[in-house]
Amino acid sequence: MAFQSQNIFINLPVKDLNKSTTFFKELGFEFNLQYTTEDTASMIINDNIFALLMLEERFKAFTKKEMVDPTTSAQAIFCLSADSRDQVNELVNKALSSGGKSSSDPQDHGFMYVWGFEDVDGHLWEIAYMDESAMNQG
């Protein structure tokens with residue numbers, strides 16, 4: 001039987017925890033206060049996916065590797081699904097007006113619409129809408 005995890009916990013280093021949590025709250029994300037401390041905030045992406053925003057010093061305790069600077073290097077792109085093209089635009093526009101930066105232009109592939117941004121720490125996020133009815137045509 002293949003391994004199937006029940007939950008995903010993404011650990012992200014941040015420079016200023018208050019600034020990062022404010023940014024994501026402005027995008028509409030909520031935080032689980034039960035798992036939030038002075039150096040870590042537990043952002044709820046959905047019932048099974050969480051991003052643990054950790055002050056850099058806290059994050060360093062989990063690895064012996066050098067941390068990359070997300071403002072100059074890319075190590076991962078976190079892609080979240082949306083329910084519509086409008087929702088993609090709404091979330092990315094909120095990110096841009098809340099201090100994020102554009103990381104890509106909107107991309108319309110017919111069956112898939114994607115747009116990306118950098119959060120206030122430079123981490124890359126994409127928001128994607130997949131139109132399964134358009135995907136099955138062809």
Side-chain angles (χ1 to χ4, degrees):
M1 182 171 144
F3 173 77
Q4 293 188 0
S5 179
Q6 298 299 309
N7 297 299
I8 296 173
F9 300 92
I10 302 165
N11 299 303
L12 291 175
V14 301
K15 292 190 179 305
D16 181 327
L17 191 58
N18 288 331
K19 184 177 180 180
S20 295
T21 55
T22 297
F23 173 80
F24 284 106
K25 284 178 181 177
E26 289 176 4
L27 271 62
F29 289 96
E30 295 180 355
F31 288 80
N32 184 336
L33 298 180
Q34 183 178 359
Y35 299 107
T36 296
T37 64
E38 67 279 348
D39 58 9
T40 303
S42 177
M43 184 172 81
I44 302 166
I45 296 174
N46 71 23
D47 290 343
N48 301 91
I49 303 173
F50 308 88
L52 301 175
L53 308 178
M54 299 178 170
L55 284 176
E56 289 178 343
E57 288 305 311
R58 175 76 174 136
F59 183 86
K60 288 178 185 177
F62 288 90
T63 183
K64 294 178 183 173
K65 291 185 174 186
E66 286 292 316
M67 286 185 5
V68 300
D69 179 351
T71 63
T72 60
S73 300
Q75 185 169 1
I77 300 172
F78 306 100
C79 185
L80 303 178
S81 63
D83 294 330
S84 67
R85 291 170 187 259
D86 287 341
Q87 190 178 44
V88 171
N89 293 335
E90 179 183 342
L91 192 58
V92 174
N93 283 319
K94 279 184 185 178
L96 299 178
S97 67
S98 298
K101 297 178 185 174
S102 179
S103 65
S104 66
D105 292 327
Q107 301 171 37
D108 190 343
H109 302 284
F111 69 94
M112 181 173 66
Y113 179 70
V114 182
W115 194 7
F117 65 90
E118 290 183 31
D119 66 24
V120 294
D121 290 285
H123 301 290
L124 298 173
W125 296 82
E126 284 188 341
I127 311 301
Y129 168 65
M130 299 279 287
D131 183 350
E132 293 194 25
S133 64
M135 200 165 89
N136 294 330
Q137 295 175 1

Response to the item:
Nearest heavy-atom approach of T37 to D39 is OG1-OD1, 2.7 Å

Worksheet entry | Donor-acceptor contact below 3.5 Å, side chain W115 vs main chain S104 | yes

Response to the item:
Nearest heavy-atom approach of E38 to L55 is O-CD1, 4.0 Å

Worksheet item: Linking I/L/V/M/F/W/Y whenever any side-chain heavy atoms sit under 4.5 Å apart, do F23 and I44 land together?
Response: no

Worksheet entry | same_hphob_cluster(F78, F59) at 4.5 Å side-chain heavy-atom cutoff | no

Worksheet item: For the side chain of S98 and the backbone of A95, is there at least one donor-acceptor N/O pair under 3.5 Å apart?
Response: no

Worksheet item: Are the side chains of W125 and L91 in touch, meaning some heavy atoms are under 4.5 Å apart?
Response: no

Discussion item. Please find the pair of heavy atoms, one from L124 and one from S103, that lie closest to each other, and give the distance.
Written reply: CD2-CB, 3.8 Å

Worksheet item: Distance-only, no hydrogens or angles: does the T40 side chain make a donor-acceptor pair with backbone N or O of M54 under 3.5 Å?
Response: no

Discussion item. Taking the side chain as everything from C-beta on, heavy atoms only, tell me whether Y129 gets closer than 4.5 Å to Q87.
Written reply: no

Fill in: Gap separating the CD atom of Q75 from the CG atom of D69, nearest 0.5 angstrom
12.0 Å

Identify all side-chain donor-acceptor contacts of residues 4-11 below 3.5 Å with residues at least two apart in sequence or on another chain.
| unit_1 | atom_1 | unit_2 | atom_2 | d |
| --- | --- | --- | --- | --- |
| S5 | OG | N7 | N | 3.4 |
| S5 | OG | N7 | O | 2.7 |
| N7 | OD1 | N48 | ND2 | 3.2 |

Worksheet, complete the sentence: Output for pair (S97 OG, E26 CD), nearest 0.5 Å, gives 7.5 Å

Discussion item. Distance check, rounded to the nearest 0.5 Å: L27 atom CG versus T22 atom OG1?
Written reply: 11.5 Å

Item to complete: Please list all pairs passing the salt bridge (Lys or Arg N to Asp or Glu O under 4.0 Å) test where one or both residues lie in residues 83-111, with sequence neighbours left out.
Response: R85-D108, E90-K94

Worksheet entry | Between CZ on residue F117 and CG on residue N93, distance to nearest 0.5 Å | 11.0 Å

Fill in: Heavy-atom closest contact (A82 atom, V88 atom, distance)
CB-CG2, 3.6 Å

Fill in: Joint hydrophobic cluster, L96 plus L80, side-chain heavy atoms closer than 4.5 Å
yes

Discussion item. For D119 and S20, which I'm curious about, is there any donor-acceptor pair between the side chains at under 3.5 Å?
Written reply: no

Worksheet item: Taking all atoms of both residues into account, what is the closest heavy-atom pair of V14 and L53, and its distance?
Response: CG1-CB, 4.1 Å

Worksheet item: How many angstroms lie between atom CD of E57 and atom CE of M67, to the nearest 0.5 angstrom?
Response: 8.0 Å

Discussion item. To the closest 0.5 Å, what do you measure between CE (M43) and CD (E30)?
Written reply: 11.5 Å

Practice prompt. Considering non-hydrogen atoms only, spot the tightest contact between S73 and V68 and give its length.
Written response: CB-CB, 4.1 Å

Worksheet item: Would you say the side-chain atoms of H123 pair up with the backbone N or O of P13, donor to acceptor, closer than 3.5 Å?
Response: yes

Response to the item:
In short, salt bridge (Lys or Arg N to Asp or Glu O under 4.0 Å) pairs touching residues 8-20 with sequence neighbours left out are K15-E56

Worksheet entry | Working for side-chain contact (heavy atoms from CB on, under 4.5 Å), residues Y113 and N89 | CA-CA 10 Å; Y113 179 70; N89 293 335; 2.6 Å; yes

Fill in: Matching residue for I45 among F50, F24, F29 - test: side chain to side chain contact (heavy atoms under 4.5 Å, CB included)
F29

